[in-house]
There are 2 protein chains.
Amino acid sequence: MPTAPNRSFTPLYYQIEQDLLRQIDKGELKPGDQLPSEAQISRQYGVSRITARRALENLVQQGIVYSRQGIGSFVAYARIREMSGFRSFSEDITAKGYRPSSRVVELSLEEPEADVARRLQLPEGGKIYRLHRIRQMDDQPVADEVAYLPAHLYPGLDQYDFSKASLYEVFRTRYGINPTWADAEIEATFAAPDLAQRLGLQPGDAVLVALRQTYSATFEVIELVRSVYCGSRFTFFTGRQFIG
Amino acid sequence: MPTAPNRSFTPLYYQIEQDLLRQIDKGELKPGDQLPSEAQISRQYGVSRITARRALENLVQQGIVYSRQGIGSFVAYARIREMSGFRSFSEDITAKGYRPSSRVVELSLEEPEADVARRLQLPEGGKIYRLHRIRQMDDQPVADEVAYLPAHLYPGLDQYDFSKASLYEVFRTRYGINPTWADAEIEATFAAPDLAQRLGLQPGDAVLVALRQTYSATFEVIELVRSVYCGSRFTFFTGRQFIG
DNA sequence: GTATTTTACTTGTCATGACAATATAATATG
DNA sequence: CATATTATATTGTCATGACAAGTAAAATAC
């Protein structure tokens with residue numbers, strides 16, 4: 001459900017949606033408050049009811065607002081927390097107010113293991129870039145991360161220095177690929193000696209292992225990432241998920 | 001984004017949506033296949049284009065289908081995996097093909113800690129039911145779980161035997177409360193001796209700790225659950241999340 | 001004062017219609 | 001044969017309109 005339409009102009013429904021979002025973010029509309037009705041929005045913005053409705057519906061789908069037939073729409077009490085562990089590591093850490101940085105252990109072009117090839121839906125004989133980094137916040141290692149990237153999507157990727165560059169930014173600007181969806185499987189395990197050494201831990205310490213797949217808007221698997229996080233220094237936040 | 005409208009009849013768009021979903025589930029429409037166009041669906045089902053479009057849009061919002069302007073709609077390659085750790089434990093474990101069961105350690109009515117009261121958005125002086133269970137699959141303990149439940153939402157909850165009853169079923173049938181949204185924060189830590197004993201682990205083993213909030217359709221916090229999972233026997237699957 | 005009915009407001013569903021934007025295929029031209 | 005133009009298909013946005021369903025408030029009846 002893209003909230004930012006990918007077009008050459010900004011649709012009316014989107015402008016109204018952003019306006020309402022702004023009012024919620026600024027506290028002009030508080031949790032529990034009723035939003036203007038579809039008819040009121042229609043009159044206020046000079047649009048049809050279907051356009052007003054579309055703006056409200058989008059906020060409902062994002063879990064920001066809820067509506068009840070015959071009564072109205074209301075701002076959700078529980079604010080959505082920023083998810084972490086799903087987007088760009090750089091973006092995650094910056095959003096938490098820390099300074100992200102990375103140390104590249106290795107970036108190489110290679111043959112994938114069978115499981116990796118399967119998960120990435122690689123064509124026969126397809127290669128991957130394997131990017132191994134230690135991720136840090138405020139210079140303290142928090143994650144050991146290996147990204148498996150379909151080589152056919154990213155020719156020339158090895159020319160970049162991912163100590164400095166953000167992988168997601170390179171996806172977007174160089175290759176025109178927008179990370180749009182992600183899912184993850186998460187387990188706890190204990191740190192092996194080599195991993196413990198890289199993360200400044202004791203062997204046997206508890207670590208969080210997340211295997212995340214990232215998809216483009218057309219559901220191409222654009223990245224498989226295995227991250228091992230210090231149990232004590234990183235909390236994984238899922239986004240709000242619909243379970244009904 | 002409710003996919004099952006809560007009404008006394010089934011809307012046309014929903015029937016079409018379910019029909020398309022059935023074709024995808026049965027393999028009649030395979031990953032990568034193009035779906036019928038809006039105009040074709042319109043003719044085939046004898047509905048307006050807006051109704052056809054609504055059905056397709058709902059599948060897009062669920063991450064099952066994607067569409068491209070001027071080209072068409074397509075079945076996503078990557079199938080959505082069943083999430084786990086977000087819904088009813090019973091439902092999760094049953095979906096994995098195991099037999100869920102629970103041993104109640106304790107169910108009591110008590111004053112909440114400040115953090116619990118805040119997260120549950122309890123009224124001043126509000127009490128909680130604290131339900132402590134060991135969750136099992138095929139009789140093997142996999143999680144130590146404490147649920148904090150706002151007492152005002154569930155009067156008389158302590159009359160139920162949650163060794164046998166599903167909490168979510170009781171929510172729905174007895175109290176008319178539908179779990180609709182959830183989010184979780186997840187960490188890894190190590191098992192303390194008492195916990196290790198309850199889960200059949202060694203002290204110091206890695207465990208996954210998930211703190212999950214569950215919301216009704218009107219975003220009331222209906223449950224706060226702290227689950228500690230064996231690192232080796234439980235993998236937490238997030239659903240597909242929109243990150244764009 | 002209470003119960004019932006009516007009214008008003010609001011969201012939900014669906015129709016018809018039009019045009020814009022995007023993309024590809026077919027056709028025309030040099 | 002290559003390039004440009006036109007046609008076609010499809011999704012995206014927006015309008016007007018109507019009626020259903022749900023809910024609460026106001027008015028009326030007893």
Side-chain angles (χ1 to χ4, degrees), chain A residues 1-20 29 33-61 64-76 176 178 180 217-219 244, chain B residues 1-20 29 33-61 64-76 176 178 180 217-219 244:
Chain A
M1 63 212 176
T3 49
N6 206 13
R7 335 174 52 78
S8 55
F9 72 99
T10 307
L12 285 171
Y13 74 79
Y14 186 70
Q15 296 179 43
I16 297 168
E17 180 188 330
Q18 293 304 294
D19 208 31
L20 293 170
L29 284 167
D33 280 0
Q34 180 163 359
L35 275 77
S37 67
E38 292 169 9
Q40 281 178 290
I41 291 174
S42 191
R43 285 193 295 275
Q44 182 184 336
Y45 290 89
V47 297
S48 74
R49 198 189 139 210
I50 202 169
T51 298
R53 185 174 175 74
R54 178 71 187 247
L56 284 171
E57 274 183 336
N58 284 357
L59 296 174
V60 168
Q61 278 149 10
I64 295 165
V65 148
Y66 67 92
S67 65
R68 292 170 67 192
Q69 183 174 358
I71 308 183
S73 303
F74 302 84
V75 182
N178 285 301
T180 307
T218 55
F219 287 102
Chain B
M1 61 211 183
T3 49
N6 206 16
R7 340 173 46 80
S8 54
F9 74 97
T10 309
L12 286 170
Y13 74 78
Y14 186 70
Q15 296 178 41
I16 297 168
E17 181 189 332
Q18 293 304 295
D19 208 30
L20 293 170
L29 283 167
D33 279 0
Q34 181 164 358
L35 275 77
S37 69
E38 293 170 9
Q40 281 178 290
I41 292 174
S42 192
R43 287 193 294 275
Q44 182 185 338
Y45 291 88
V47 297
S48 75
R49 197 191 139 211
I50 202 169
T51 300
R53 184 173 175 75
R54 177 74 186 246
L56 285 171
E57 274 182 337
N58 284 358
L59 296 173
V60 168
Q61 277 149 10
I64 294 165
V65 148
Y66 67 92
S67 64
R68 292 169 67 194
Q69 183 173 358
I71 309 183
S73 302
F74 301 84
V75 183
N178 284 301
T180 306
T218 54
F219 288 102

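Just so we're on the same page: letters track the sequence lines, and every chain starts at 1.
Looking only at side-chain heavy atoms (C-beta outward), A:Tyr45 and A:Asp19 come within less than 4.5 Å of each other. Looking at B:Asn58 and B:Tyr13, their side chains come closer than 4.5 Å, going by heavy atoms from C-beta outward. The side-chain heavy atoms of B:Gln40 and B:Arg43, taken from C-beta on, include a pair separated by under 4.5 Å.
With hydrogens and angles ignored, the 3.5 Å screen pairs no side-chain donor or acceptor of B:Glu38 with any backbone N or O of B:Leu56. Side chain of B:Ser67 to backbone of B:Gly72: no donor-acceptor contact under 3.5 angstrom is found.
Listed pair A:Arg54 / D:dC14 fails the phosphate criterion, with no side-chain N or O lying under 4.0 Å from OP1 or OP2. The side chain of B:Ser73 places an N or O atom within less than 4.0 Å of a non-bridging phosphate oxygen (OP1 or OP2) of D:dT11. The side chain of B:Tyr13 places an N or O atom within less than 4.0 Å of a non-bridging phosphate oxygen (OP1 or OP2) of C:dT13. One finds no side-chain N or O of A:Ser67 lying less than 4.0 angstrom from the OP1 or OP2 phosphate oxygen of C:dT10. For B:Thr51, no side-chain nitrogen or oxygen approaches OP1 or OP2 of C:dT13 to under 4.0 Å.
Nearest nucleotide to the side chain of B:Ser48, out of D:dC14, C:dC14, C:dT11: C:dC14. The side chain of B:Gln69 approaches C:dA21 more closely than any other nucleotide in the set C:dA21, D:dT13, C:dT16.
With rounding to whole Å, B:Glu17 atom CD is found 11 Å from C:dT13 atom P. Between the CD atom of A:Gln61 and the P atom of C:dG12 there is a distance of 11 Å, rounded to whole Å. B:Glu57 has its CD atom 14 Å from the P atom of C:dC14, to the nearest Å. One atom, CD of A:Glu38, and another, P of D:dC14, lie 16 Å apart when rounded to the nearest Å. Protein atom CG of B:Leu59 is 15 Å distant from nucleotide atom C1' of D:dT11, rounded to whole Å. Regarding B:Ile50, its CD1 atom lies at a distance of 14 Å from the P atom of D:dT16, rounded to whole Å. In this entry the distance linking CD1 of A:Ile41 with C1' of C:dC9 reads 15 Å, nearest Å. One atom, CG of B:Leu12, and another, P of C:dT16, lie 12 Å apart when rounded to the nearest Å.
Residue B:Ile71 is classed as a sugar-phosphate contact, given heavy-atom separations below 4.0 Å to backbone atoms only. Among the heavy atoms of the strands, none lies under 4.0 Å from A:Leu56. Among the heavy atoms of the strands lying under 4.0 Å from A:Ser37 are primed sugar atoms or P, OP1, OP2 only; no base atom is included. Nucleic acid contact class of B:Arg53 (heavy atoms, under 4.0 Å, all strands): base.
A donor and an acceptor atom sit less than 3.5 Å apart, one in the side chain of A:Arg49 and one in the base of C:dG12.
Considering every non-hydrogen atom in both A:Ala52 and A:Ile41, the closest pair reads CB-CG2, 3.5 Å.
Residues A:Val47 and B:Gly72 both approach DNA chain D. Their nearest nucleotides, taken by heavy-atom distance, put B:Gly72 toward the 5′ side.
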